[in-house]
Amino acid sequence: MPELPEVERATALIRSVACGKVIVRVETSEDTIVYTGTDHTEFAKELTGRSVVDAARYGKVFYIKLDGEGRAPVLHFGMTGMLQVKGQLPTYYRKTPKTASSDWPPRFMKAFILHLKNEATGGISELAFLDARRLGRIRLCASPLTEPPISTLGFDPILSMPVLTDFQTAVLRRSCPIKALLLDQSFSAGVGNWVADEILYHAGVHPERRCNTLAPFEVQKLHEQTQYVCKTAVAVNADDTKFPENWLFKHRWGKGKKKHTLLLPSGEPATIKWVTVGGRTSAYVAELQQVTGGINESEDPPSVNQSDSDSDLTPLEEEEEITIVAIKAKRTRKVGYLAIKFLAGVLNNNVLPECRHCYALQASN
């Protein structure tokens with residue numbers, strides 16, 4: 001799933017292609033799942049004839065500011081959403097595959113294409129929102145920052161990072177695994193699977209550590225590294241070929257099937273291991289990230305009863321339930337085992353809203 005750095009890259013692309021231009025036409029595809037609270041016809045009518053003033057992001061959500069009266073398009077990529085400019089390859093989450101094409105209109109244009117006119121030159125640019133798996137969301141909001149979904153999100157590591165004291169209070173009052181908390185968008189908006197793993201790796205904290213067992217110095221490291229990882233990735237426009245060589249991101253893929261070259265500070269090869277936390281596969285370095293430690297390092301992590309852990313996680317939204325049910329109906333045989341795993345995770349409070357999409361995604365493969 002595109003995370004904060006990739007969504008910031010998409011926002012920058014909109015600025016470079018669309019700012020100052022007039023939307024003279026909007027091609028849309030009818031989709032009652034992707035369009036939320038509106039439909040493709042209303043969406044096109046709302047945008048046509050207005051000029052693009054700017055584009056902005058909060059967490060994994062981005063929106064386009066338009067002139068005049070009316071609502072703004074508020075967008076979320078979901079698992080596989082991306083943008084494509086006519087004449088260019090789409091902006092993929094990670095490496096651009098060899099099968100990528102600049103054909104127009106795009107094969108997986110499941111949402112819309114904006115036709116943008118430069119009033120000075122008369123030239124037309126086209127920008128498409130692609131969503132092959134239809135897990136993205138498109139809304140219209142009069143005030144994007146004060147309406148859902150943005151109004152329901154937690155802090156943004158770049159735009160609204162809390163001071164250390166507030167961050168520490170928010171972390172230590174939770175009893176869930178720290179990786180699960182970082183993935184919770186009502187806590188830290190924009191942090192997804194790879195960003196969370198990168199933060200924990202640099203902070204030296206195991207993804208399964210319970211939040212309320214962390215020592216103050218560990219919370220401070222998490223605070224620092226949350227900002228560092230996000231700002232560093234954004235500074236290179238989410239181009240992972242420009243990420244530092246000592247980042248876990250450069251070596252984490254493949255679950256051990258590919259030989260990695262990550263080294264410990266001592267110069268010895270690092271041992272990368274994988275564990276499932278919060279319904280997501282988590283990579284960590286065994287030598288640097290220990291399960292024990294913190295204020296209760298000689299004790300087992302405190303037990304968490306059902307009522308205590310409920311408040312740690314954001315409830316499943318109706319639209320996510322619909323997505324899972326729809327995919328299950330199409331993939332009954334494949335989804336059976338995954339559904340059992342998913343329900344078990346829900347009952348144990350181990351699956352976050354974002355992670356629930358992952359089970360739907362796996363079932364659709």
Side-chain angles (χ1 to χ4, degrees), residues 1-4 6-86 88 90-91 105-106 108-119 124-153 156 159 185 189-190 317 319 323:
M1 171 186 282
E3 304 180 25
L4 187 155
E6 293 83 18
V7 178
E8 182 65 36
R9 177 180 60 192
T11 305
L13 178 64
I14 294 173
R15 292 194 195 103
S16 66
V17 172
C19 275
K21 297 178 181 178
V22 179
I23 302 173
V24 293
R25 182 186 170 202
V26 183
E27 292 182 58
T28 58
S29 295
E30 182 177 5
D31 195 315
T32 57
I33 294 178
V34 174
Y35 286 95
T36 303
T38 186
D39 58 44
H40 70 294
T41 303
E42 183 181 30
F43 180 83
K45 183 178 179 181
E46 189 86 32
L47 272 60
T48 302
R50 298 168 68 187
S51 295
V52 177
V53 176
D54 197 4
R57 177 201 58 78
Y58 193 96
K60 299 179 186 179
V61 181
F62 61 111
Y63 56 99
I64 304 174
K65 299 180 181 180
L66 305 176
D67 70 347
E69 297 182 0
R71 294 169 292 177
V74 178
L75 315 167
H76 188 285
F77 279 138
M79 293 297 296
T80 58
M82 66 186 80
L83 298 179
Q84 182 173 1
V85 178
K86 185 176 182 179
Q88 302 178 16
T91 52
F108 295 113
M109 195 288 288
K110 303 291 185 180
F112 62 79
I113 297 177
L114 301 182
H115 294 250
L116 303 151
K117 183 177 181 180
N118 185 322
E119 295 283 74
I124 300 290
S125 303
E126 295 183 33
L127 177 67
F129 185 107
L130 284 60
D131 188 12
R133 296 185 186 270
R134 301 171 62 210
L135 292 172
R137 293 293 179 266
I138 297 172
R139 297 172 172 86
L140 289 171
C141 295
S143 177
L145 291 176
T146 60
E147 297 178 34
I150 293 179
S151 64
T152 67
L153 299 176
D156 182 291
L159 301 175
Q185 298 302 288
E317 296 180 2
E319 64 186 34
T323 299

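Just so it is clear, the values below take in all heavy atoms, side chains as well, and ignore hydrogens, waters and symmetry mates.
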Residues that Phe112 engages under ring-ring contact (aromatic ring centres under 6.0 Å, His included), provided they are two or more places apart: Phe43, Phe129
Just to verify, what does [X] make a salt bridge (Lys or Arg N to Asp or Glu O under 4.0 Å) with, not counting sequence neighbours?
X      : result
Glu147 : none
Asp67  : none
Glu119 : none
Arg71  : Glu42, Glu46

Working for side chain to side chain contact (heavy atoms under 4.5 Å, CB included), residues Thr11 and Arg15: CA-CA 6 Å; Thr11 305; Arg15 292 194 195 103; 3.5 Å; yes
Those residues that, when tested against Pro106, pass side chain to side chain contact (heavy atoms under 4.5 Å, CB included) (two or more places apart): Gln84, Trp104, Met109, Ile113, Ala128, Leu130
Check against side chain to side chain contact (heavy atoms under 4.5 Å, CB included), Thr152 and Gln185: CA-CA 8 Å; Thr152 67; Gln185 298 302 288; over 6 Å; no
Indicate the atoms forming the closest heavy-atom contact of [X] with [Y], along with that distance.
X      : Y     : result
Tyr35  : His40 : CE1-CB, 3.7 Å
Leu66  : Pro73 : CD1-CD, 3.9 Å
Leu116 : Ala18 : CD1-CB, 3.7 Å
Pro144 : Ala72 : CG-CB, 4.1 Å
Asp31  : Val34 : OD1-N, 3.0 Å
Ala56  : Lys65 : CB-CE, 4.2 Å

How long is the straight-line distance from [atom2] of [Y] back to [atom1] of [X], given to the nearest 0.5 Å?
X      : Y      : atom1 : atom2 : value
Ile14  : Leu75  : CD1   : CG    : 6.5 Å
His115 : Lys86  : NE2   : NZ    : 8.0 Å
Glu126 : Arg25  : CD    : CZ    : 7.5 Å
His76  : Phe62  : NE2   : CZ    : 9.5 Å
Lys45  : Thr28  : NZ    : OG1   : 13.5 Å
Tyr58  : Leu145 : OH    : CG    : 8.5 Å

Heavy-atom side-chain proximity of Lys21 to Lys117 below 4.5 angstrom: no
Val52 vs Val17 side-chain heavy atoms within contact, under 4.5 Å: no
Candidates Leu114, Val74, Leu127, Ile23 - the one meeting side chain to side chain contact (heavy atoms under 4.5 Å, CB included) with Ile64: Leu114
Side chain to side chain contact (heavy atoms under 4.5 Å, CB included) between Thr80 and Met1, intermediate numbers included: CA-CA 6 Å; Thr80 58; Met1 171 186 282; over 6 Å; no
Arg57 vs Leu159, side chain to side chain contact (heavy atoms under 4.5 Å, CB included): CA-CA, chis, key distance, verdict: CA-CA 9 Å; Arg57 177 201 58 78; Leu159 301 175; 3.9 Å; yes
